[in-house]
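Positions are given from 1 along the sequence. Just so you know, ligand 1 is whichever comes first in the structure, and atom 1 is the first atom listed for that ligand. Note that the structure is a prediction, hence the values are computed from the model and not measured.
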Amino acid sequence: MRKNYIYIVISLLLIAVSTSCSQEKKQYRIGVSQCSDDIWRDKQNSELKIGAYFHDNVDLCFAAAYDSDERQIQQIDSLVGTGIDLLIVAPNQVSTISPAIDRAYDKGIPVIVFERKTNTKKYTAYMGADNYEMGHLMGEYVANRLNERGRIIEVMGLKGSSPAIERHNGFREAIAEHPGIQVVATLQGDWTEPTAYNTVKQWLDKNKDAAGKIDLVFGMNDRTAMGARKAFEEAGGALPLFCGIDGLPGENGGIRQVMDSLLDASYIYPTHGDQLLQLAVDILEGNPYEKETNLMSALVTQDNARVLLMESEEIMRQSRHLEQLHEKASQYLDQLGSQRTLTFVALAAILLLLALLAGIYMYYLQRARIQDERTRMEREQLDFYTQVSHELRTPLTLIQGPLDQLLRTNDFRTASDNARELFTIVRRNTHQLTALVNKMLDAQVGGTVTDDNAHEETQHVASPQSAGNVKPDEDAPTVLIVDDNADIRTYLKSILQGKYSVLEAEEGKSGLDLAREHVPDLIVSDVMMPMMNGLQFCQEVKKDLISSHIPVILLTARALEKHQIEGYESGADAYITKPFSPELLLARIDNLLQSRHQLKDLWGTHPAPVAESAVQPAVAPAPIEDAFISRFKQMVEERLADSHLSVEDLAAGMGLSRVQLYRKVKALTGSTPVDLLRKARLSQAQRLLQESDLTVSEIAYQVGFASPSYFTKCYKDEFGIVPGEARKS
Ligand code: FRU
């Protein structure tokens, strides 16, 4: 239960972690294979990076082949091997790189070919400017610039690379339209400045005469044009015009060179790295995209170079800002990330703590439950053993008791030796069995089992009378037996009836009724009875004004000390356990009856005022009895002068029947109400004789005597002297 709870909490924790992870976007790895490494490629790569800032799920892997086919092929294969999701490639040459591109494409990796073309159809999209048109426009510009007449040199880009082929085609076709323009030489370059310088230098070395007659050199990119210019400068003489392509911004870029008149014109060859990255993301995310994207470009001449430079520098400045912002944003994101981790760890710790607390709580709950269960079982066990012992003790009582009685009869004394021996064996074993029952109960519940019979020998023993033989006196005390077991009742009756008049009830309720009606002198009650048990019965008896004074003996098989305590708490006057000795029972009854007349001297020779306690009983009466007696005494004294005052009147005044009042008063004081009334009158008379001047006759009437002579007789009976003598003294 407790473990399960902790597992649930930990699972929730893991689910929370996994969902927070699964909510993150899919991460993409894009491989960028550049054919060369130069400022144009640098610009494009940084634009790609800026583009990636807008997509935090994109990682870029750059590779530069430094114009080598083999290296580029190898780099593409290795990018594919590292598990890229998309390949962007600017192939060095048209045909050489195609197999590597095919391999990537065949593996299901989308391929974007950009800027340079290949001869394979296995690509996903193409993006680049129109190099043919660029060459054509440049041809137009040159013809125009030279006013349709002039000698020019064309320095080519890398052989086999698509821009070189297309620019050449466009340029030558445009020039062909202008017969006054003569292409003196077409030299082979490879897009780099040193190569251009070398080839032009070689040509110049070979054609020394022609050098001064060249009007314009078209280098297929700005670096080529600048290489050619360097060679011409070295050769000396008037310099031709130089035109290139790329028109890059920045200190060493073509725009600046045009502005500084190092180049006559250039053509902006668009890089558009950010646009390229967006295309890649669209492909990866399944968004619609253009298969072929043609990038626009523009001519850079002396006329617009300044404006273009300013604009491009502004763009570069903004780009730098963007990068700084990105830098800052990354820092914040890093902080956020670590804060999030911290929060998560704290949350996890709190959850674990809660789980722990819950676990501890559950543990204690469980323990308390087990404890409750144990207590319940112990109680049930105790009840069971109490029940069993009760079941055993009752028949034991009914064997042991009658047997003991039998042993005292003449029948036993005159029996044969053998029979007597056998009886003795039975008796001994009955006692042994009782001891065993006690021991068993003791061992099972760990309480103290009391055995009243242990005191048997030391008790003051009044021998019980033989059952049914002796009738009690008329005014023998009455004992009420309350027990649901008829045998026990019969047995008890057989013990008691010689000495007491016996009343019987089968259970508590009828017992109460009998107690109220007859006001017995003592009650012997069982504890375990149906409906109203002995404890409740005892409480009821002690609560009721009519019966409250009656001593109650609880006679029961519930032998544990705590049961006895319960019994005394319910108001019992004695507690005797079964099997009991009849002598013990009789002794207890005797004892209780002896000590019950607590208030004997209600109106003795020295009557006290009503408000004070008139008596000094050996045992202080219960408050309820005290109240009863006070009330009774008050009533008598108030109505003392009434010679017609009867016991019925007094009983009615107390809310009791005549019998009830009689028995209650008799039990408490040992005198009858009539006796007490007379004593009260005489005592008052005695007081008046001593303290007043009234005549004897007047006093007799005043204390409720109908005739003075009867008063005198009674007075003499009570005090041993006639009233006149009392006055004299
Ligand atoms: C850069 C570059 C540019 C040129 C282009 C042709 O690597 O050489 O200067 O315009 O490539 O592909």
Exercise for the section: Would you check ligand 1 and list the protein residues that come within less than 4.0 Å of it by any heavy atom, ordered by chain and number? Expected result: Ser36, Asp38, Trp40, Arg41, Glu115, Arg116, Pro163, Arg167, Trp191, Asn221, Arg223, Asp246, Tyr269
Exercise for the section: Name all residues meeting the salt bridge (Lys or Arg N to Asp or Glu O under 4.0 Å) criterion together with Arg116; count only those two or more places apart in sequence or in a different chain, and write none if there are none. Expected result: none
Practice task
Answer yes or no: is there a donor N or O on one side and an acceptor on the other, between the side chain of Thr224 and the main chain of Met220, under 3.5 Å?
Solution key: no
Exercise for the section: Quick one: pull up OH in Tyr269 and CD in Gln44 and give me the separation to the nearest 0.5 Å. Expected result: 9.0 Å
Practice task
Can you label the angle between the His136 ring and the Tyr132 ring as parallel, tilted or perpendicular, going by 30° and 60°?
Solution key: tilted
Got a list of side-chain donor-acceptor pairs under 3.5 Å for residues 231-244, not counting sequence neighbours?
from   : atom 1 : to     : atom 2 : distance (Å)
Glu233 : OE2    : Arg229 : NE     : 2.8
Glu233 : OE2    : Arg229 : NH2    : 3.3
Glu234 : OE1    : Tyr197 : OH     : 2.4
Glu234 : OE2    : Tyr197 : OH     : 3.0

Practice task
Please collect all salt bridge (Lys or Arg N to Asp or Glu O under 4.0 Å) contacts where either partner lies in residues 85-109, sequence neighbours excluded, each pair once.
Solution key: Asp77-Arg103, Asp106-Lys122
